[in-house]
Each structure stands twice: as structure tokens, then as C-alpha cells.
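Report on one structure; see the data block that follows.
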Amino acid sequence: MLVNMKEILHYAKLGNYAVGSFNIYSYETIKGVLDSARHQNTPVILAFGEKYLENMDFELVYGLVKTLSKDIKVQVALHLDHCSNLENVYKAIKAGFTSVMYDGSSLPYEQNVANTLKVVEVAHSCNVSVEAELGSLAAGVNSHEGKSTDEEIYTNPLQAKDFVQKTEVDVLAVSIGTVHGMYKGIPNIRIDILKKIFKELDIPLALHGGSGTPEDVIRNCIQNGICKINVNTEVSSYTVDKLKELLNEGKRYHLSQISLMQITYVKEVVCKYMKLFE
Ligand code: 13P
């Protein structure tokens with residue numbers, strides 16, 4: 001069942017749990033994530049970022065997700081991850097995405113507010129939810145998002161309150177020390193900042209950079225308002241490492257078998273995170 005992400009996160013906020021948002025860019029990742037949701041009996045967010053438009057276009061992503069989630073009992077949202085291009089936001093909405101993230105976090109504040117407002121107006125008129133980000137995540141190891149020069153800018157709680165009041169976004173992504181990719185050293189996650197943001201805002205909060213974040217930190221974040229957790233790098237690196245092991249064993253595989261193995265490995269890592277977020 002494909003639904004607006006706001007609906008999924010409304011229940012997560014009430015129930016004090018988080019919903020995993022996993023990046024998709026191929027048949028195998030879509031099937032692996034949906035099979036995990038079926039197996040764990042938990043709602044899920046499938047996140048497609050504009051950087052993967054070389055792999056699939058919006059219509060193809062929507063078609064596959066719609067077909068593969070036809071008989072699923074849990075709620076599924078198809079979400080546009082980090083998108084700074086307004087045209088692409090509108091294309092995703094037109095293609096049938098049920099949620100979009102407009103990322104104007106690198107723009108001057110007033111410009112970010114103005115652009116986000118435009119997105120909210122269009123998206124809400126189509127029953128599509130909107131996520132935005134304030135602050136900025138640094139780049140870790142093997143990050144496939146952002147730039148290697150990205151630096152940490154923590155979310156300012158009072159600015160976050162002003163931003164949500166002005167734009168009426170449904171979900172806010174916060175920057176509290178997680179990184180896109182794996183951590184270079186010991187993670188320093190600022191739960192103190194998260195607590196202040198949580199106090200100021202009523203809407204569900206999103207945590208990007210889930211890969212490699214220690215389990216106790218994840219639990220602490222969920223206790224303090226995080227309802228959506230994004231995971232990308234670890235699904236890819238786990239699957240690639242397992243495939244490397246398999247191929248190194250020396251047996252010759254047919255490509256169709258490799259496709260099935262990819263789905264199995266994606267499912268293993270996604271289920272691990274789903275259990276943690278419950
Ligand atoms: P990781 O690659 O660190 O898991 O981050 C994913 C993410 O935040 C997607 O937007």
C-alpha cells in the first residue's frame with residue numbers, strides 16, 4: 001500500500017519508534033527493501049535520490065515500486081531523497097512519488113524558506129508530504145552523497161522552529177553529528193541539540209547518515225523525537241562485500257543468480273536496521 005510519508009511518521013511519533021528510509025536505485029534494492037518490510041511486518045520508506053537518475057528515471061522507479069508493493073500489507077512511502085533541483089521535485093510528484101525532500105540547506109536561509117514554500121504548496125495540493133533539512137551533514141568514508149568537502153553545520157533549534165512555522169513542512173531532517181557514509185573516527189552525536197530541537201517542534205524529525213551509527217545512539221535519538229532514519233552506504237557496502245566473497249570462491253555464477261543474491265544481502269542488512277528501529 002503506497003501512502004504519504006506523513007501518515008507513516010504520524011504513527012511512528014505516537015508509538016515512539018522510527019521508520020527506516022532505505023535508498024533504492026535498482027530492481028534488486030527495491031525488491032530487497034520491500035521483502036524486508038514484508039518479513040519484519042513494518043512500514044518502510046523507499047528513498048530515491050536524483051543522483052541515481054542515471055540508473056533509473058522517476059517513472060520506472062514508481063512503476064517498479066507500485067508493482068512490487070501491490071500485495072504488501074504494511075504501509076510504504078516512495079520518497080524523493082535530497083533534491084536541490086525544483087524541476088526534479090515536480091517531476092517526481094508527477095511520476096507518483098508520495099513524498100519529497102527539498103534540500104535547500106546550502107542556500108541562504110531566506111532563499112531556502114522561499115523555495116521550500118513553493119514545494120510545499122505544490123506537494124500538499126497533490127497529497128504529497130515534504131521533508132526539508134536545516135544545517136548540513138559532513139561527509140564520512142565511502143559516502144555516495146554530498147561532496148567530500150562537506151562540513152558539519154549543526155541545526156539551530158530556534159531557526160528550525162521559525163523554518164517549520166514559515167514553510168509548514170511535514171518532516172525536518174536535523175544535523176546533529178551523523179555523517180553521510182561511514183564515520184572517520186568515533187561518532188560525536190549531539191543529543192543535547194536534538195533535545196532542544198524536539199522541544200521546539202511538533203513534527204516528526206529525520207536523521208540522515210544512519211550507516212555505522214552506534215545502536216545505543218540510535219535508540220537515544222528515537223527517544224528524543226527521531227521518527228525516520230536514513231540508511232544508504234551500509235546496504236551498498238555490505239552487499240558488495242558479500243558479492244566479492246561469493247565471487248572469490250571461484251564458482252562460476254549466472255547473472256540471474258547474482259541478482260537473487262543481491263536481493264538476499266540487501267534484505268539481511270535492511271532487516272538488521274528495521275529490528276533496531278522498532
Ligand atoms: P548513510 O549513507 O550514511 O547511511 O546516509 C544515508 C542518508 O542519509 C540518505 O539521505
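Note that the numbering runs from 1 along the sequence shown for the chain. Every number for a ligand or one of its atoms is a count from 1 in the order of the listing.
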Give a yes-or-no answer on whether the side chains of S175 and E133 include a donor-acceptor pair shorter than 3.5 Å.
-> no
Side-chain donor-acceptor pairs under 3.5 Å in residues 185-209, sequence neighbours left out?
from, atom 1, to, atom 2, distance (Å)
R190, NE, D192, OD1, 2.9
R190, NE, D192, OD2, 3.3
R190, NH2, D192, OD2, 2.9
H208, ND1, H82, NE2, 2.9
H208, ND1, N230, ND2, 3.1
H208, NE2, E131, OE2, 2.8
H208, NE2, N230, ND2, 3.4

Residue pairs involving residues 221-276 (criterion ring pair (Phe, Tyr, Trp, His ring centres under 6.0 Å); sequence neighbours excluded) | Y273-F277
Contacts of D170 that satisfy salt bridge (charged side-chain N to carboxylate O under 4.0 Å, His left out) - sequence neighbours left out | K6
Any luck finding a side-chain donor-acceptor pair between Y109 and D162 under 3.5 Å?
-> yes
Flag for Q262-T239: side-chain donor and acceptor within less than 3.5 Å = no
Those residues with a heavy-atom separation under 4.0 Å from ligand 1 are N23, D81, H82, E145, V179, H180, G181, H208, G209, G210, S211, N230, V231, N232, T233
